[in-house]
Amino acid sequence: MHTGKIYGTCFRNDPDRPLVYGEMNLINPPRQRLRGEPKKEGIPVEPVIVGFCGTDHELMMMGKRGLLGPKFPEGQDRLINGHEGVVWVPSQNRFAIVLIRGGDSIDPTRYTEDESYFEYGCDQADGLFCDRMYVNPDMLLEIPDGHVHNGLLDLSFAKKMVFPDPFACMLFQLERMEDLGSAHLFRQTARRLGCGEEQARAAAKDEIFERTVIFGLGTTGMFIGDIIRRAHPDAKIVFVARSPEDSPKVQFALKQAGGIYVRNCHGKPEELAADICKALGGRATVFIGVSGSTAEHEIAFTHRVLGCNGLYNSFSLGPKITFDTMPFGFENHLIFGSINFRQDHMEKAIRMLAQSPYDRIVELISRDEFAADPIGAYENRIYCKNAPMKTAVIWNQDKINMEG
């Protein structure tokens, strides 16, 4: 159903202009949050602040290659992008966070072969980079009290709320690593401690993080380090990245997670591997790859940073993982990869972020600058070599308390 014209950005299959800003028609097909629930037409919401995600850049590159067709809403030749941020809900007189994933599935972030899903701003459903969008009313999550004054959203809080989606993903990663680590190690732990299964599983859940490597230091790397530290205070965490040790990003991450930093500036990968193991005090019990580079698996497996009985968490999109099956089998490595979260993760992320200092790593680009040249903004401001850790745009400044 078409519901009028608005201004926003959208992705298209076009080798020259895969991302454009302009006037476009909105649609509002009925959508369901979960299998068994009724499909509902969306209610109108007005995006207030929107964050830029690496997924946006990847979708733009897919558009350049003409590969976006399956991502478009049914009957459309474009996708309004954007999936991180805060919206205003006029009919309910409140601000909200959009739960991005829904569909004909028991859990849209873990859909199975006979289920389907959609994602606002990413896959088959329009997103937040526009003046107005339509969202299933069951998918508008509440924000905590205390961040709205005189009808305006505090800017510091608004900046934090571009992170619930990736932060929720990291809460899921923690849960999965705890589950897998506990199941992977508890028998050995029970024999070593001379205890029963219940106690051994609890101990193993903690021990899997004894020597943790986080390879890559974008926001996901920073978040998972922070989350592991909160849940497992005794974990030794080593971040590995290319940034100088004194860069604000590195210093902020180390303060949040209480970790150690190893700079990846070595001429040979085996030298980097040796420095990581030295910082850890041994080989890793868990290795988390979030850099998007092929170096992750080479450092972990070829150069043996991942220790016996170690867990390898692949959170990068793009690189291939290879390993020699002989040491892989005898060293009892466990590999997993999954980019998911549940609604309860999202709700917990909102609460945790509200109490965090993560607004400090968000820089703003003006709507006018972004709209004038969205591709240039992506390539020269948001995803360039010296880009900030996170960029966001205030889409509706009339709803923001700029002093808050």
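Residues: numbered from 1 along the sequence shown. Predicted model, so just to flag it, every value in this text is computed and none were measured. All values below come from the heavy atoms of this structure, side chains included, with hydrogens, waters and symmetry mates left out.
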Novice: Determine yes or no for a side-chain-to-main-chain donor-acceptor pair under 3.5 angstrom, with D131 supplying the side chain and Y7 the backbone.
Specialist: yes
Novice: Under 3.5 Å, is there a donor-acceptor pair between the D275 and H266 side chains?
Specialist: yes
Novice: Tell me, please, whether F186 has R201 positioned over its six-membered ring: NZ or CZ under 6.0 Å from the ring centre and within 45 degrees of its axis?
Specialist: yes
Novice: Quick check on ring-ring contact (aromatic ring centres under 6.0 Å, His included): which of F336, F301, F215 does Y312 satisfy it with?
Specialist: F301
Novice: Side chains of D226 and Y358: do they bring a donor and an acceptor to under 3.5 Å?
Specialist: yes
Novice: Taking atom types as modelled and ignoring hydrogens, do the side chains of E296 and S291 form a donor-acceptor contact shorter than 3.5 angstrom?
Specialist: yes
Novice: Any salt bridge linking E298 with K320? Criterion: basic side-chain nitrogen under 4.0 Å from a carboxylate oxygen.
Specialist: no
Novice: Give a yes-or-no answer on whether the side chains of R229 and Q256 include a donor-acceptor pair shorter than 3.5 Å.
Specialist: no
Novice: Under the 3.5 angstrom rule, does the side chain of Y261 hit a backbone N or O of D246 as a donor-acceptor pair?
Specialist: no
Novice: Is there a side-chain contact between M402 and I394 in this structure, where contact means two heavy atoms from C-beta onward sitting under 4.5 Å apart?
Specialist: yes
Novice: Within the 4.5 Å heavy-atom criterion, are E46 and V87 side-chain neighbours or not?
Specialist: no
Novice: I'd like to know if the side chain of R12 and the backbone of P18 have a donor-acceptor N/O pair within less than 3.5 Å.
Specialist: no
Novice: Hey, does E178 have a side-chain heavy atom less than 4.5 Å from the side chain of I208?
Specialist: no
Novice: Side chains of Y21 and R367: any donor to acceptor distance under 3.5 Å?
Specialist: yes
Novice: Determine, for E84 against K160, whether the closest basic-nitrogen to carboxylate-oxygen distance falls under 4.0 angstrom.
Specialist: no
Novice: Taking C-beta and beyond as the side chain, do F239 and I260 meet within less than 4.5 Å on heavy atoms?
Specialist: no
Novice: Around atom NZ of K249, are there more than 12 heavy atoms from other residues, nucleotides or ligands closer than 6.0 Å?
Specialist: yes
Novice: Looking at P244, is its backbone amide N or carbonyl O close enough to the side chain of S247 to form a donor-acceptor pair, meaning the two atoms are under 3.5 Å apart?
Specialist: yes
Novice: Are H232 and F209 close enough that their ring centers fall under 6.0 Å?
Specialist: yes
Novice: May I have the step-by-step check of side-chain contact (heavy atoms from CB on, under 4.5 Å) for R230 and M352, ending in yes or no?
Specialist: CA-CA 11 Å; R230 296 186 197 210; M352 292 176 70; 3.5 Å; yes
Novice: Can you measure from NE2 (H83) to SG (C53) and round to the nearest 0.5 angstrom?
Specialist: 3.5 Å
Novice: Okay, side chain of N340, backbone of T109: is any donor-acceptor separation there less than 3.5 Å?
Specialist: yes
Novice: Using side-chain heavy atoms (C-beta onward) and a distance below 4.5 Å, is V290 in contact with I214?
Specialist: yes
Novice: Does the pair E331/R304 count as a salt bridge with the N-to-O cut at 4.0 Å?
Specialist: yes
Novice: Between atom SG of C169 and atom CD1 of I339, what is the distance when rounded to the nearest 0.5 Å?
Specialist: 7.5 Å
Novice: Taking Y120 as the fixed residue, which of N81, D126, V98, I80 is the one that meets the side chain to side chain contact (heavy atoms under 4.5 Å, CB included) rule?
Specialist: V98
Novice: Evaluate R342 against E175 for salt bridge (charged side-chain N to carboxylate O under 4.0 Å, His left out), listing each step before the verdict.
Specialist: CA-CA 11 Å; R342 293 189 308 272; E175 181 181 90; 2.7 Å; yes
Novice: Could you walk me through whether R381 and E369 pass salt bridge (charged side-chain N to carboxylate O under 4.0 Å, His left out), step by step?
Specialist: CA-CA 10 Å; R381 283 283 307 273; E369 180 184 354; 2.8 Å; yes
Novice: So how far is it from K159 NZ to I400 CD1, rounded to the nearest 0.5 Å?
Specialist: 10.5 Å
Novice: Could you tell me whether the side chain of W395 and the main chain of C130 form a donor-acceptor pair under 3.5 Å?
Specialist: yes
Novice: Ignoring hydrogens and angles, tell me if any N or O in the side chain of D104 forms a donor-acceptor pair with the backbone of S116 under 3.5 Å.
Specialist: no
Novice: Between T285 and G310 (side chain of the first, backbone of the second, donor and acceptor by atom type, cut-off under 3.5 Å), is there such a pair?
Specialist: no
Novice: Please answer whether the main-chain N or O of F72 pairs with a side-chain N or O of R78 as donor and acceptor at a distance below 3.5 Å.
Specialist: no
Novice: Going through the checks in order, is the salt bridge (charged side-chain N to carboxylate O under 4.0 Å, His left out) test met by K71 and D123?
Specialist: CA-CA 4 Å; K71 300 289 187 183; D123 203 327; 3.1 Å; yes
Novice: Indicate yes or no for a side-chain donor-acceptor contact from N13 to the backbone of L68 under 3.5 Å, with no hydrogens or angles considered.
Specialist: yes
Novice: Any cation-pi pair here, R94 with W88, using under 6.0 Å and within 45°?
Specialist: no
Novice: Under 3.5 Å, is there a donor-acceptor pair linking the side chains of D154 and H149?
Specialist: yes
Novice: Tell me if the centroids of the rings in F52 and F370 come within less than 6.0 Å of each other.
Specialist: yes
Novice: Do E37 and R31 sit within salt-bridge range, that is, some charged N less than 4.0 Å from a carboxylate O?
Specialist: no
Novice: Working to the nearest 0.5 Å, report the span between CG of L26 and CE of M133.
Specialist: 9.0 Å
Novice: Supply the atom-to-atom distance R101 CZ to C122 SG, rounded to the nearest 0.5 angstrom.
Specialist: 7.5 Å
Novice: Between L193 and A203, which heavy-atom pair has the shortest distance, and what is it?
Specialist: CD1-CB, 3.9 Å
Novice: Looking at CG of L141 and CD1 of I143, how far apart are the two atoms once the value is rounded to the nearest 0.5 Å?
Specialist: 11.0 Å
Novice: Flag the pair M161 / I350 as yes when at least one side-chain heavy-atom distance between them is below 4.5 Å, and no otherwise.
Specialist: yes
Novice: Which of these, E198, Q199, R191, sits in a side chain to side chain contact (heavy atoms under 4.5 Å, CB included) with C195?
Specialist: Q199
Novice: I want to check something: taking the side chain as every heavy atom from C-beta on, are L155 and E403 in contact at a cut-off of under 4.5 Å?
Specialist: no
Novice: Can you find a heavy atom in the side chain of S105 that is under 4.5 Å from one in the side chain of T112?
Specialist: no
Novice: Return yes if a side-chain donor-acceptor contact under 3.5 Å exists between T219 and K390, otherwise no.
Specialist: no
